[in-house]
Amino acid sequence: MGRGSTSRSVGAFRAPLLAVLAAVLTVAGCAADGSRAARAPSPSADSPSPQETSDVDLCTSIVSHWSREVLDGRGYGDYQSMGMSGGQYDILREVVDAARAARRQGGQDIGMLMERQAREGCVAWYRSGGPGEGPWR
């Protein structure tokens with residue numbers, strides 16, 4: 001055998017050996033005592049079921065959050081990087097414009113104004129069809 005034959009034979013067994021070792025360690029880790037604590041408790045009849053978030057509530061939450069960030073100069077990227085649709089971003093721009101105007105006039109509760117306007121904008125947007133409706137459908 002030549003000098004290179006030893007390294008080739010070791011290299012040929014290395015990848016399958018590492019794959020088997022990784023599989024064994026994964027299975028052994030799943031059977032460890034600590035995994036018993038990770039199991040979720042079974043649901044009981046007395047526990048409340050999770051509530052579904054409406055489209056308007058989700059829209060309001062997203063628009064309110066990013067409106068505050070933009071108003072404070074912490075917004076970033078475009079509407080897609082914020083997880084928003086184009087319609088939600090339009091609402092955000094209106095909310096931020098109104099909040100800036102209120103701030104210039106010395107408004108006290110700008111947060112409540114932003115929340116109310118975000119909700120009103122989202123309600124109107126979903127009343128008219130929301131995402132998936134209109135010319136781009």
Side-chain angles (χ1 to χ4, degrees):
M1 287 197 180
R3 185 173 140 172
S5 64
T6 305
S7 64
R8 280 190 209 132
S9 62
V10 170
F13 291 110
R14 181 176 291 153
L17 181 61
L18 289 175
V20 169
L21 181 61
V24 168
L25 290 174
T26 301
V27 171
C30 291
D33 288 341
S35 66
R36 279 184 252 155
R39 279 188 252 156
S42 61
S44 69
D46 296 334
S47 66
S49 60
Q51 289 184 318
E52 185 175 318
T53 304
S54 73
D55 291 338
V56 171
D57 288 341
L58 184 59
C59 173
T60 302
S61 176
I62 292 169
V63 171
S64 295
H65 170 79
W66 284 111
S67 295
R68 287 186 297 273
E69 293 291 313
V70 169
L71 185 66
D72 293 340
R74 294 188 307 253
Y76 69 94
D78 63 357
Y79 67 96
Q80 291 175 333
S81 66
M82 295 179 201
M84 302 175 77
S85 69
Q88 290 169 333
Y89 189 68
D90 291 341
I91 297 167
L92 174 137
R93 290 187 309 194
E94 292 172 10
V95 169
V96 171
D97 288 346
R100 285 180 178 146
R103 183 183 275 177
R104 281 191 301 270
Q105 296 173 356
Q108 296 298 324
D109 202 0
I110 295 173
M112 290 297 291
L113 169 73
M114 293 172 70
E115 181 78 23
R116 182 176 44 82
Q117 288 194 327
R119 177 159 300 280
E120 290 172 1
C122 289
V123 166
W125 187 50
Y126 276 95
R127 188 181 314 125
S128 67
E133 299 294 324
W136 301 108
R137 192 169 122 149

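What you see is a predicted model; the values in this text were computed from it and never measured.
- Annotation for Gln88 and Val63: closest pair O-CG2, 3.7 Å, computed over non-hydrogen atoms.
- Closest heavy-atom contact between Ala99 and Leu71: CB-CD2, 3.9 Å.
- Taking CE from Met114 and OG1 from Thr60, the interatomic distance works out to 12.5 Å, rounded to the nearest 0.5 Å.
- Taking 4.5 Å as the limit, some side-chain heavy atom of Val70 sits within range of a side-chain heavy atom of Arg100.
- When all heavy atoms of Trp125 and Ser85 are compared, the pair lying nearest together is CH2-OG, 3.0 Å.
- Atoms CZ and CG, from Arg103 and Leu113 in turn, are 11.5 Å apart once rounded to the nearest 0.5 Å.
- Taking CD1 of Ile62 as the reference point, atom CG of Asp57 lies at 11.0 Å (rounded to 0.5 Å).
- Contact between Ile91 and Cys59 at its shortest, heavy atoms only, is CD1-SG, 4.3 Å.
- Rounded to the nearest 0.5 Å, atoms CD1 (Ile110) and CZ (Arg68) are 12.5 Å apart.
- One N or O on the side chain of Ser81 and one on the backbone of Asp78 form a donor-acceptor pair closer than 3.5 Å.
- Side-chain atoms of Gln117 and Glu94, non-hydrogen and from C-beta on, never get closer than 4.5 Å to each other.
- Here the straight-line distance linking atom CD of Glu115 with atom OG of Ser61 works out to 8.0 Å at 0.5 Å rounding.
- In this structure, CG on Asp109 lies 10.0 Å from CZ on Arg116, to the nearest 0.5 angstrom.
- The heavy-atom pair separating Thr53 from Leu58 by the smallest distance is CG2-N, 3.9 Å.
- Closest of all the heavy-atom pairs between Tyr89 and Met82 is CE1-CE, 4.4 Å.
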